[in-house]
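Worksheet: one structure, shown below.
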Amino acid sequence: MNILLIIEQCNPEWSSVPLVGYNFFNEISRLADVTLVTHERNRDALEKVKENRNITYIPESKGIQKYYRIASRLTSGRGTNWPLLHALTYPVHAAFDSRVYDLFSEKVISGYYDIVHSITPILPRYPSKMIKACKGTPFILGPVNGGIPFPEGFGKVARKEFAHFNFLRFFSRVLPGYSRTYRKADRVLAGSTYTLTKLKKMFSIDDSHISLFFENGISQDFFRSDSSNTDKPSTLRLLFTGRLVPYKGANLLIDAVSRVKKKKVKDISLTIVGDGPEKKNLMEQAKRLGISDTVNFTGWINQSETFSHYSNSDIFCFPSIREFGGAVVLEAMACGLPCIVINYGGIGEYVTEKTGFKIDPVSNEYITDELVNKIEFLIKNKEQQNMMSRESIKRAKEFQWSSKAQNLIGIYNELINKSRTCS
């Protein structure tokens, strides 16, 4: 099987989407003959792990580099205005996309590749020019994910996250080739049920041309071999991992921990791994509530240090009210942690009743009350905590990168066979 993978963001040394892109590339490459097309910025990191792989790097003009720096400055301040940044940086993506088409369209048209798969960017906002060349070659897009609105009743947080700029999403609909990309793709992989439903409605996509395929996965290195919970300290150790921004809800968790501690049900500690514009406010909140000695802020740390915190914690609490990815939840589950999350977006689909609790995003007060209730329940029900720990590991194994690559190979074969039958 000869595959062309288009992954603009593909970097093993970065986090979020670039790391997701790399993990897809790395695992698919173990199962098929892959040509990767990616951005020049990823060269240094990929060359360290290249292993004789076929990679084409797309350089960026000085004009585009300057434009991106200007767009970044315009959209940064106290947090990043992501809706505006995504709109302003479309020319950056378009330049990459056009160059890929110029270099590879002839090979695609000639049938050199069995399949073309465009993986990043994950946000469903940009077209792919390569769809024009895929007349006889199956084209796959995704997993694409995003566009999830803030839940009702969280307008204050939404404003802090520049949600009033979300009208710019409609800009995508007038981009050349945007509609064609989704209507003509042989398969669109949607990273969440919300995105799947939205894309089906927006482009009238038939069920046979779209399917649910979560974008996040988990590395084998994250799995904890022993989740027996023996020899645990008397203190219940809670963990939060993520950017410290308003919608992640770390402030709600600090309030909940304060209330649990005051009841003296059990000694409790909270470790907050991550950094961001809300860190100062969160530290002041912990001090104001008198629990500075209970809450540990690590700041930004590397992946290996983060893993040690997963391994040395009991429960993962992640009250993010608008999360369409949530890789940290899978990491926590792989380390055997019961998870308490918000029942909204992607993380609500990762966690089951056997692996933790899902709280409906009714209001800040409701979420805080339920965090208190769920934490106290697990304190009082040790066996339930242990059972959820075991089930979390089982659930996380369904998301191993190797398994996801195998599933993709199955989709590739299905589309290739269908294409050959039709021709």
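Along the sequence shown, the residues carry numbers beginning at 1.
- For Trp14, the CH2 atom counts as densely surrounded, since its 6.0 Å shell holds more than 12 non-hydrogen atoms of other residues, nucleotides or ligands.
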Give the table of side-chain donor-acceptor pairs shorter than 3.5 Å for residues 153-167, with sequence neighbours excluded, one pair per line with atom names and distance.
{"from": "Asn166", "atom 1": "ND2", "to": "Ala163", "atom 2": "O", "distance (Å)": "3.3"}

Exercise. Could you please spell out the steps behind the ring-ring contact (aromatic ring centres under 6.0 Å, His included) verdict for His117 and Tyr412?
Key: CA-CA 9 Å; His117 186 177; Tyr412 294 165; 5.7 Å; yes
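- Lys374 places no side-chain N or O within 3.5 Å of a backbone atom of Val341 that could act as its donor or acceptor partner.
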* **side chain to side chain donor-acceptor pair (under 3.5 Å) between Thr368 and Asp255, intermediate numbers included** => CA-CA 7 Å; Thr368 304; Asp255 276 341; 4.9 Å; no
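- Atom NZ of Lys184 has 12 or fewer heavy atoms from other residues, nucleotides or ligands within 6.0 Å.
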May I have the step-by-step check of ring-ring contact (aromatic ring centres under 6.0 Å, His included) for Tyr112 and Phe104, ending in yes or no?
CA-CA 10 Å; Tyr112 180 82; Phe104 289 92; 9.3 Å; no
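- Using a 30° and 60° split on the angle between ring planes, Tyr126 and Tyr90 fall in the tilted class, from 30° to 60°.
- For the pair Asn413 (side chain) and Ile409 (backbone), a donor-acceptor distance under 3.5 Å is present.
- With Tyr113 as the partner, the side chain to side chain contact (heavy atoms under 4.5 Å, CB included) test is satisfied by one option alone out of Asp33, Leu4, Ile3: Leu4.
- Applying the 6.0 Å contact sphere to CD of Glu106 captures no more than 12 heavy atoms from other residues, nucleotides or ligands.
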Determine, step by step, whether Tyr194 and Tyr344 satisfy the ring-ring contact (aromatic ring centres under 6.0 Å, His included) criterion, reporting the C-alpha distance in whole Å, the side-chain angles of both residues, the deciding distance to 0.1 Å, and the verdict. CA-CA 9 Å; Tyr194 175 89; Tyr344 191 72; 7.5 Å; no
Acceptor/donor pairs from residues 243-252 side chains to any protein atom, 3.5 angstrom cut, sequence neighbours excluded:
{"from": "Arg243", "atom 1": "NH2", "to": "Tyr247", "atom 2": "OH", "distance (Å)": "3.1"}
{"from": "Lys248", "atom 1": "NZ", "to": "Glu323", "atom 2": "OE1", "distance (Å)": "3.0"}
{"from": "Lys248", "atom 1": "NZ", "to": "Glu323", "atom 2": "OE2", "distance (Å)": "2.9"}

Evaluation steps, side-chain contact (heavy atoms from CB on, under 4.5 Å), between His209 and Val188: CA-CA 6 Å; His209 288 268; Val188 175; over 6 Å; no
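- A donor-acceptor pair under 3.5 Å is formed between the side chain of Thr38 and the backbone N or O of Ile7.
- Relative to the ring axis of Phe25, Arg53 places its NZ or CZ within 45° and under 6.0 Å from the centre.
- Counted within 6.0 Å of CD on Glu152, heavy atoms from surrounding residues, nucleotides or ligands total 12 or fewer; the atom is thus considered open.
- Other residues, nucleotides and ligands contribute at most 12 non-hydrogen atoms within 6.0 Å of the CZ atom of Arg99.
- Classification of the Tyr310-Phe316 ring pair by plane angle, with boundaries at 30° and 60°, yields tilted.
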task: Start with the C-alpha distance between Ser192 and Glu349, add both sets of side-chain angles, then the distance that settles side chain to side chain donor-acceptor pair (under 3.5 Å), and finish with yes or no.
output: CA-CA 8 Å; Ser192 66; Glu349 299 187 75; 4.8 Å; no
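- Without hydrogens or angle criteria, Ser219 side chain to Asp221 main chain gives a donor-acceptor distance under 3.5 Å.
- With rounding to the nearest 0.5 Å, the separation of CD1 in Ile109 from NZ in Lys107 is 13.5 Å.
- In this structure, the side chain of Thr355 does not engage the main chain of Glu391 through any donor-acceptor pair within 3.5 Å.
- Using cut-offs of 30° and 60° for the angle between ring planes, the Phe96 and His39 rings count as parallel.
- Residues Asp207 and Lys200 are paired through a salt bridge, judged by an N-O separation under 4.0 Å between the basic side chain and the carboxylate.
- Ser419 places no side-chain N or O within 3.5 Å of a backbone atom of Leu415 that could act as its donor or acceptor partner.
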Decide side-chain contact (heavy atoms from CB on, under 4.5 Å) for Val295 and Ile272; before the verdict, give the C-alpha distance in whole Å, the side-chain angles of both, and the deciding distance to 0.1 Å.
-> CA-CA 7 Å; Val295 184; Ile272 294 180; 3.9 Å; yes
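- Checking each of Pro338, Ser389, Ser392 against Met333 for a side chain to side chain contact (heavy atoms under 4.5 Å, CB included) leaves exactly one that passes, namely Ser392.
- A distance-only check finds a donor-acceptor pair linking the side chain of Asn302 to the backbone of Glu305 [under 3.5 Å].
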